[in-house]
Amino acid sequence: MPEDRNGERPLFGGAIASTFPLRFQDVSNIRQVPDHQEVFVDPARDESLIFELLDLKHDVTDNGSAAWFLQDLSTEQDAEGAMLIEQSGVLEAGGLRFRNFPAVVTTAVGQMAISKGRQGREAQNIVRVYVANLRLKEVGTDVLITAYEPIVISPLSESASTVGAGLVVPAAQSGCMPMDEVFKFAVSSFKVNDWSLFGAAA
């Protein structure tokens, strides 16, 4: 079984770092990615990991914020059959502090039917979506870490040519770290090396 090796990856010019498997490739080497995002993908499994920096949503409460963002993603992607599988309570990230104020973290896991790119509804894949919301209130930022794990690939999806249609082979059977673990690793290892990225004077 091939070993799924992890490595610390620099994000946003090295101002942030996170650790996850090296099989995830930086999409910005292939196409343009918005400045507020870092996108990584494993094309062989059609799994992806996205880091986003958003302005803090003051009207969203900490409790259930990740579930709110999950619903927002589902609406944005015109998903069907979106359901919330689980969500965490509010946790403090003691290792992620600005001026001694710890970040607040919530997570949520959902499942939905999503089409890739501009493909229509007939090409929808069933995808499990993991969302972590790291709230850096002192610098007015909501960090979103989102992981997408396809469960069933539509034969009409463009992913079918690389991954194959139907039920996706579980990661563990392919010698890969399961996506829920990839997600936990990426969230727990997330760190800020340079707070000036947020326009903050430390």
Side-chain angles (χ1 to χ4, degrees), residues 11-12 16 18 20 24 27 33-42 45-93 96 102-154 156-159 167-168 171 178-188 190 198:
L11 308 171
F12 303 101
I16 290 172
S18 176
F20 49 92
F24 286 89
V27 170
V33 171
D35 287 346
H36 71 287
Q37 288 185 349
E38 290 276 16
V39 181
F40 296 84
V41 67
D42 175 2
R45 295 192 53 78
D46 199 30
E47 294 175 341
S48 55
L49 190 59
I50 301 171
F51 299 83
E52 275 183 280
L53 304 180
L54 304 170
D55 288 336
L56 189 73
K57 299 267 186 298
H58 293 282
D59 54 338
V60 176
T61 60
D62 292 345
N63 195 13
S65 67
W68 185 90
F69 280 109
L70 181 69
Q71 181 58 50
D72 190 52
L73 283 172
S74 140
T75 306
E76 195 179 287
Q77 301 195 23
D78 199 19
E80 285 189 331
M83 61 179 183
L84 179 67
I85 297 171
E86 64 180 65
Q87 63 177 319
S88 75
V90 180
L91 310 166
E92 277 195 354
L96 195 59
V104 171
V105 183
T106 58
T107 61
V109 182
Q111 197 162 293
M112 56 190 77
I114 311 174
S115 308
K116 293 206 63 144
R118 293 190 170 82
Q119 291 197 290
R121 286 181 181 272
E122 68 285 349
Q124 285 180 330
N125 301 322
I126 307 292
V127 180
R128 185 155 290 171
V129 184
Y130 303 83
V131 176
N133 176 209
L134 288 68
R135 314 205 83 182
L136 309 179
K137 296 182 182 180
E138 297 303 306
V139 289
T141 303
D142 269 318
V143 178
L144 271 199
I145 302 176
T146 312
Y148 291 89
E149 175 188 22
I151 306 297
V152 181
I153 301 283
S154 161
L156 298 175
S157 171
E158 60 188 46
S159 306
L167 273 170
V168 176
M179 205 57 188
D180 60 338
E181 289 184 35
V182 171
F183 173 71
K184 284 175 192 159
F185 234 105
V187 174
S188 62
F190 183 92
F198 306 102

Any side-chain heavy atom of [X] within less than 4.5 Å of one from [Y]?
X	Y	value
Asp59	Trp68	no
Ile16	Leu53	yes
Ile50	Val27	no
Glu38	Val33	no

Determine the minimum heavy-atom distance between [X] and [Y], stating which atoms define it.
X	Y	answer
Gln87	Ala67	OE1-CB, 3.5 Å
Thr146	Val129	CG2-CG1, 3.7 Å
Phe24	Asp42	CD2-N, 3.7 Å
Ala186	Leu49	CB-CD2, 4.1 Å
Asp35	Phe12	O-CE2, 3.5 Å
Leu70	Val109	CD2-C, 4.0 Å

Only counting residues at least two apart or in another chain, list the ones meeting side-chain hydrogen bond (donor to acceptor under 3.5 Å, both in side chains) with [X].
X	result
Ser88	Thr107
Gln37	Glu52
Ser65	Thr106, Asn133

With [X], which residues qualify under side chain to side chain contact (heavy atoms under 4.5 Å, CB included), at least two apart?
X	value
Glu181	Met177, Pro178
Ser188	none
Ala113	Glu80, Gln124, Ile126
Ser74	Gln71, Ala79, Ala82, Met112

Set of residues satisfying salt bridge (charged side-chain N to carboxylate O under 4.0 Å, His left out) with respect to Glu47, sequence neighbours excluded: Arg23, Arg45
Under the salt bridge (charged side-chain N to carboxylate O under 4.0 Å, His left out) test, residues paired with Lys57 that sit two or more places apart: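 Not a single residue meets the salt bridge (charged side-chain N to carboxylate O under 4.0 Å, His left out) criterion with Lys57.
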Distance (rounded to the nearest 0.5 Å) between Ile145 CD1 and Leu134 CG: 5.0 Å
Contacts of type ring-ring contact (aromatic ring centres under 6.0 Å, His included), residue Phe51, not counting sequence neighbours: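 For Phe51 the ring-ring contact (aromatic ring centres under 6.0 Å, His included) partners, ignoring immediate neighbours, are Phe20.
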Donor-acceptor contact present, side-chain Thr141 to main-chain Val143, <3.5 Å: no
Phe185, CZ atom: more than 12 neighbouring heavy atoms under 6.0 Å: no
Residue pairs, two or more places apart or on separate chains, that pass salt bridge (Lys or Arg N to Asp or Glu O under 4.0 Å) and touch residues 140-152: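 Sorted pair list: Arg135-Asp142.
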Pairs meeting criterion ring-ring contact (aromatic ring centres under 6.0 Å, His included) with involvement of residues 124-152, two or more places apart: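 Counting only pairs at least two positions apart or across chains, the ring-ring contact (aromatic ring centres under 6.0 Å, His included) contacts touching residues 124-152 are Tyr130-Phe183.
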